[in-house]
Amino acid sequence: MNDIVSEIHEGLRAWAVAETGDADARIEGLVRTSAGFSRENWVFDLVSGGTSRPLIARRDPVGSVLETDREVETAVLRALEGSAVPAPIVVWSDPEGDRLGRPTVVMERAEGVCDWFVLTGDRPLDTRVAIAHRLYDRMADIHRFDWRAAGLGAVLDDPGPGAAVAAVDHWEDQLRRVQLEPEPELELILAWLRAHVPTSPVTTLVHADFKPGNTLLTGDEVTLVLDWETAHLGDPHEDLGWVTNPVRAGEHRIPDAWQPDDLLARWSARTGIEVDRASVHWWNVLANLKLCVIVLTGTRAFVDGRLDRVHQPPLALGRVMLDMIGA
Amino acid sequence: MRPDVDEQLIGIAHILERVVAPAVDDAYASDVLVGVTAVLQGIANGWADVASFLAWDARETLSLLMEAEPVLTDARVADVAGNARALAAEPPMPLDTHALAEHHTQARALLARVAPVLPEGEQRSRVAAHMRARVERYPIRAQARMPGQR
């Protein structure tokens, strides 16, 4: 066991003893998985009171492609417990980072397979279409979730009709904090976004990174929606723009069988919310700006010696956005 | 100068692939190693073109900014064309890569100020065309791989 694994092992053991009251609680099978770009994922079994419980600890890294808040993520997950949205069950949360040196959330480890490209995989076409229906119905259920009744208004800001402006402000602010050099292409895109902001028709919970790679499948059923670290209140068109982004077609579409028109029609029927096509287009552009800023956040963390992955400049995304805005 | 820079970078990438990668059991370290190897190969394929790219991109950018002067009526960018002329008049030594990078950054900084306020029209189209052209000429490419990507 190397130093970092020993350190995490000891931290988890002490945490388990404190949470369970069992001085003999043990941590077994601790492994850091390679999945995910934004968090350290440590899987392990908690052995206590004669039972073994599979858990996963998601710890903030030193550097990441995303900078998010564990307290907010925990609040969202706890609010979703028992709802129509299958989300991870939070077991322990340490947003201050007292237990493992950095903010960490421990969750139940669910069975299931994560397949980023399930929609273009080896299953028969009708099975893949059925999986697409289940996937994006879960996304619609996120937008149908009654966040007010669940008390999320106390921990999340409601941007109201100005959700698009709030999103541009957020990602521009993040860009300013991480950029290492001038980004003329992104300045042009930011100006276009600000000149064309749509109005949000309704405030819903927004996942903000919905994709097959952030779900678990058991057989052909969608049993869990993962990675809630960027969830917030906003315009549901944000998620629609994210999943219909042409750049991510390989993850979200099935050629000739599941295209944006199919997705938007099904989503509208399930949520009762009318789709504003111009708004979806605007959020498509915002989705790519967001991807650029995520890459630049990773670049900044790498240059600062806080991230183990090297990102090249997001030039291709810049070109896509120029096409999207007709520049 | 043998092994030259290309040979050393490509050789190191091969060593990592053939010798180190099979011996790495840890899933996270193995995944990171794949990325590091891909970047080394990308640098090996493109590093020699970095200086010429920086010089070309800066030259084209400054030229566009000077040509755009008649439409730069916004007070916030009134000084840009003049600054571009001054920069263009003092190009860096072609073999001084640090000076090339600094000159390039200064040119891009001017364009970053202009891009949001450039009115629609021929000059804006030419700037956008250059933005597309530099994507094609960018010298270092490393294929990013998503988890589970086939």
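A, B, ... follow the sequence lines: proteins, then strands. Residue 1 opens every chain.
The contact between A:Leu322 and chain B is made by backbone and side chain atoms together, counting heavy-atom distances below 4.5 Å. With a threshold of 4.5 angstrom between heavy atoms, B:Ser125 does not approach chain A through any atom at all. Of the atoms belonging to A:Gln312, it is side-chain heavy atoms, and not backbone ones, that fall under 4.5 Å from chain B.
Interatomic distance, B:Arg132 CZ to A:Asp323 CG, rounded to the nearest 0.5 Å: 4.5 Å.
The neighbour count for B:Arg76 CZ, taken as heavy atoms of other residues, nucleotides or ligands under 6.0 Å away, does not exceed 12. By the 6.0 Å contact criterion, CD on B:Glu90 is open, its count of non-hydrogen atoms from other residues, nucleotides or ligands being 12 or less. Dense packing is recorded around CG of B:Asp4, with more than 12 heavy atoms of other residues, nucleotides or ligands lying under 6.0 Å away. By the 6.0 Å contact criterion, CD on B:Glu122 is open, its count of non-hydrogen atoms from other residues, nucleotides or ligands being 12 or less.
Across B:Val32 and A:Asp308, no two heavy atoms sit closer than the pair CG1-O, 3.3 Å. Of all heavy-atom pairs spanning A:Leu315 and B:Val135, the tightest one is O-CG2, 3.7 Å.
For chain A, the option among B:Gly35, B:Gly42, B:Ala115 with the highest count of heavy-atom pairs below 4.5 Å is B:Ala115. Ranked by heavy-atom pairs shorter than 4.5 Å toward chain B, the options A:Gly250, A:Gly318, A:Pro313 are led by A:Pro313. The candidate from A:Arg319, A:Glu187, A:Glu185 with the greatest count of non-hydrogen atom pairs under 4.5 Å with chain B is A:Glu185.
Screening B:His104, B:Arg108, B:Gln106 for a side chain to side chain contact (heavy atoms under 4.5 Å, CB included) with A:Pro182, the sole residue that qualifies is B:Arg108.
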